[in-house]
Amino acid sequence: MAEHRPIQIGILGLGNVGSGVVRVLESNAEAIAHKAGGPIQVKRILVRDLAKARPVEIPPSLLTTDAQEILADPEIDIVCELIGGVEPAHHYVVEALERGKQVVTANKELMARHGHAILAEAARHRRDVYFEAAVAGGIPLIRPLKVDLAGNRIARISGILNGTTNYILTRMAAEGKEFSVALREAQELGYAEADPTYDVEGLDAAYKIAILAAIAFQTPVDVTRVYHEGITRISPRDIAHARELGYVIKLLATARDEGSAIDVRVHPALVPQNHPLASVNDAFNAVLLNGDAVGDVMFYGRGAGSLPTGSAVVGDLIDVARNIRFGATGRVPCVCNRNKPMRDIAELSTENYMRMLVKDQPGVIAGIAGILGESRVSIDAVVQKGTQGDLAEIVWITHPAPESSFRGALTRIAQLPVVHEICNVIRVER
Ligand code: NAP
Ligand code: HSE
């Protein structure tokens with residue numbers, strides 16, 4: 001490609017991802033210029049605190065605390081939003097489009113909550129918003145779904161979409177680390193969100209699966225209706241019992257197109273040790289999907305971190321730079337042309353693991369099994385794992401049963417005088 005004038009970018013945010021983007025642009029500048037048809041130059045970077053130490057060397061004159069120095073600069077072609085959260089990011093992205101700029105963002109919360117409207121706004125201004133880094137860090141997913149797999153009808157996506165929680169669960173399982181210690185490590189490694197509650201409560205993964213489901217099933221997904229449950233209740237005992245039973249505990253994000261409705265959810269799950277997602281460890285993410293023409297496809301790679309996410313953002317910057325050279329927009333537009341309702345989790349049928357502490361006396365297991373039977377929940381396995389004083393720890397695995405029946409049985413079981421505590425309930429995915 002012939003070399004043209006440099007493409008000037010303004011970056012909003014110089015944290016984990018922003019500094020990764022700067023590093024990738026610097027270290028691979030020559031190859032990037034060749035692929036983009038000319039250099040990609042960082043003209044200005046927005047931060048909150050000018051005095052803060054940065055992990056990359058940046059001339060101080062590039063930094064600003066005034067977003068208008070980027071948004072109102074007519075020489076800036078692309079605004080790269082890496083500050084996170086909904087506001088002011090939303091406002092900045094819309095203003096950038098209104099001012100005729102192209103946008104690249106890594107913001108999954110913004111795209112999950114307002115992506116549909118933002119893409120419509122971009123189309124109105126004949127501009128693009130690219131967001132490859134918003135889902136699964138460095139793994140290419142958005143473009144493969146919108147371009148390479150566009151010929152398929154996709155029925156199911158399941159994956160590990162949060163690096164922080166996968167790191168925590170891996171360290172708890174492999175080294176018996178405390179939850180809080182593993183979380184601190186994930187924060188130090190730059191995987192966690194500014195507020196890690198988003199990671200550990202499953203919200204971050206909910207944003208990502210909502211984005212993937214919208215693209216794959218061609219329907220807007222109301223992210224406020226995506227069921228999400230995090231990993232804060234998972235204990236080392238659950239991990240150990242799951243292992244003895246032949247399972248690994250993962251935070252799973254799943255989306256299924258059932259024809260008349262879609263099922264989109266995030267929750268911890270016991271997955272069999274030979275399942276392709278069981279061996280995805282640390283901050284790695286993986287996504288399995290099935291297309292009617294291509295069959296099964298699996299994506300695997302680093303789902304979080306400065307450089308992997310920087311890789312995805314820079315890929316978008318190069319693609320957008322090419323669009324600018326060729327005067328093209330709308331090559332990978334919003335693909336939603338349907339409006340499918342979402343299935344409530346209470347309507348689904350699931351298998352469950354449950355761990356409880358009960359009085360160690362005759363007839364207790366039979367009484368609990370009786371309630372499960374009355375609720376038409378059939379038992380796959382039940383094991384007594386030992387005693388703690390006058391209490392026995394019992395682990396159950398059920399066959400698939402409607403969530404509503406199973407939860408109804410649980411309420412009755414919890415009220416039995418012989419049941420001291422229902423310690424945890426985790427769905428099982430085969
Ligand atoms: P971060 O480390 O917290 O960095 C945020 C940056 O934005 C900081 O430089 C901060 O400035 C700046 N900033 C925040 N609010 C601002 C405001 N109102 N005005 C001006 N500057 C502001 O976050 P991050 O981990 O890089 O994540 C950035 C985005 O990428 C988020 O949307 C996140 O979900 C997404 N993402 C992150 C990862 C990952 O692995 N971390 C992976 C994929 C996607 P100061 O430095 O001055 O405080
Ligand atoms: N906090 C996110 C994670 C960053 O841990 O996966 C990548 O989106």
Side-chain angles (χ1 to χ4, degrees), residues 10-23 44-56 58 63-71 79-93 104-113 131-139 141-142 159-170 182-183 185-209 211-212 230-231 251 253 266 280 282-287 301-313 316:
I11 303 181
L12 311 178
L14 187 60
N16 291 308
V17 181
S19 48
V21 169
V22 169
R23 272 213 180 96
R44 222 8 133 256
I45 304 177
L46 177 75
V47 292
R48 268 180 308 213
D49 178 358
L50 292 174
K52 198 171 178 178
R54 303 285 163 187
V56 279
I58 290 286
L63 299 183
T64 176
T65 54
D66 179 2
Q68 289 309 315
E69 286 194 22
I70 292 173
L71 299 171
V79 169
C80 186
E81 186 280 303
L82 306 172
I83 61 179
V86 171
E87 288 301 347
H90 187 193
H91 177 85
Y92 292 161
V93 164
V104 170
T105 177
N107 193 329
K108 72 278 320 230
E109 180 174 7
L110 180 65
M111 292 311 288
R113 290 189 187 278
F131 51 100
E132 186 62 68
V135 181
I139 309 176
L141 272 169
I142 307 291
I160 294 172
L161 288 176
N162 183 266
T164 301
T165 47
N166 205 41
Y167 180 87
I168 294 171
L169 290 172
T170 306
L183 170 59
E185 285 178 5
Q187 288 177 292
E188 284 162 9
L189 289 163
Y191 304 149
E193 295 303 299
D195 176 357
T197 319
Y198 283 71
D199 297 294
V200 298
E201 296 296 355
L203 204 53
D204 176 82
Y207 294 144
K208 294 167 178 170
I209 193 71
I211 293 171
L212 293 184
I231 62 160
L251 184 68
V266 173
V280 175
D282 291 314
F284 281 86
N285 283 189
V287 175
R302 291 190 186 276
S306 182
L307 286 176
T309 312
S311 154
V313 172
D316 276 352

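Read the numbers this way: they start at 1 and go in the same order the structure lists the ligands and their atoms.
Side chains of Y92 and E81: no donor on one and acceptor on the other come within 3.5 Å. There is a side-chain donor-acceptor pair under 3.5 Å between T197 and D195.
Checking side-chain atoms of R23 against main-chain N and O of P55 turns up a donor-acceptor pair under 3.5 Å. Judged by distance alone, with hydrogens and angles left aside, the side-chain atoms of E109 form no donor-acceptor pair with the main-chain N or O of R113 at under 3.5 Å. A donor-acceptor pair under 3.5 Å links the side-chain atoms of S19 to the main chain of N16, judged by distance alone. Put simply, the side chain of T164 never gets that close to the backbone of D199: no donor and acceptor are under 3.5 Å apart.
Residue R302 places its CZ atom among 12 or fewer non-hydrogen atoms of other residues, nucleotides or ligands, all under 6.0 Å distant.
Between N166 and D282 there is no side-chain heavy-atom pair separated by less than 4.5 Å.
Here the closest non-hydrogen pair linking G18 and L82 is CA-CD1, 3.6 Å.
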Ligand 1: which protein N/O atoms lie under 3.5 Å from its N/O atoms?
from	atom 1	to	atom 2	distance (Å)
ligand 1	2 (O)	N16	N	3.0
ligand 1	2 (O)	N16	ND2	3.3
ligand 1	9 (O)	L14	N	2.8
ligand 1	9 (O)	G15	N	3.1
ligand 1	11 (O)	R48	N	3.3
ligand 1	25 (O)	N16	ND2	3.4
ligand 1	26 (O)	N16	N	3.1
ligand 1	26 (O)	V17	N	2.8
ligand 1	34 (O)	K108	NZ	3.1
ligand 1	34 (O)	E193	OE1	2.7
ligand 1	34 (O)	E193	OE2	3.4
ligand 1	40 (O)	G190	O	3.4
ligand 1	40 (O)	G305	N	2.7
ligand 1	41 (N)	G190	O	3.1
ligand 1	46 (O)	K52	NZ	3.0
ligand 1	46 (O)	R54	NH1	2.6
ligand 1	46 (O)	R54	NH2	3.4
ligand 1	47 (O)	R48	N	2.9
ligand 1	47 (O)	D49	N	2.9
ligand 1	47 (O)	R54	NH2	3.0
ligand 1	48 (O)	R48	NE	3.2
ligand 1	48 (O)	R48	NH2	3.1
ligand 1	48 (O)	K52	NZ	2.9

Is there any protein N/O under 3.5 Å from an N/O of ligand 2, and what does the full list of such pairs look like?
from	atom 1	to	atom 2	distance (Å)
ligand 2	1 (N)	Y191	O	2.7
ligand 2	1 (N)	E193	OE2	2.7
ligand 2	1 (N)	D199	OD1	2.7
ligand 2	5 (O)	N162	ND2	3.4
ligand 2	5 (O)	G163	N	3.3
ligand 2	5 (O)	T164	N	2.8
ligand 2	5 (O)	T164	OG1	2.6
ligand 2	5 (O)	Y191	O	3.1
ligand 2	5 (O)	D199	OD1	3.4
ligand 2	6 (O)	N162	ND2	3.4
ligand 2	6 (O)	G163	N	2.7
ligand 2	6 (O)	K208	NZ	3.1
ligand 2	8 (O)	K108	NZ	2.6
ligand 2	8 (O)	K208	NZ	2.8

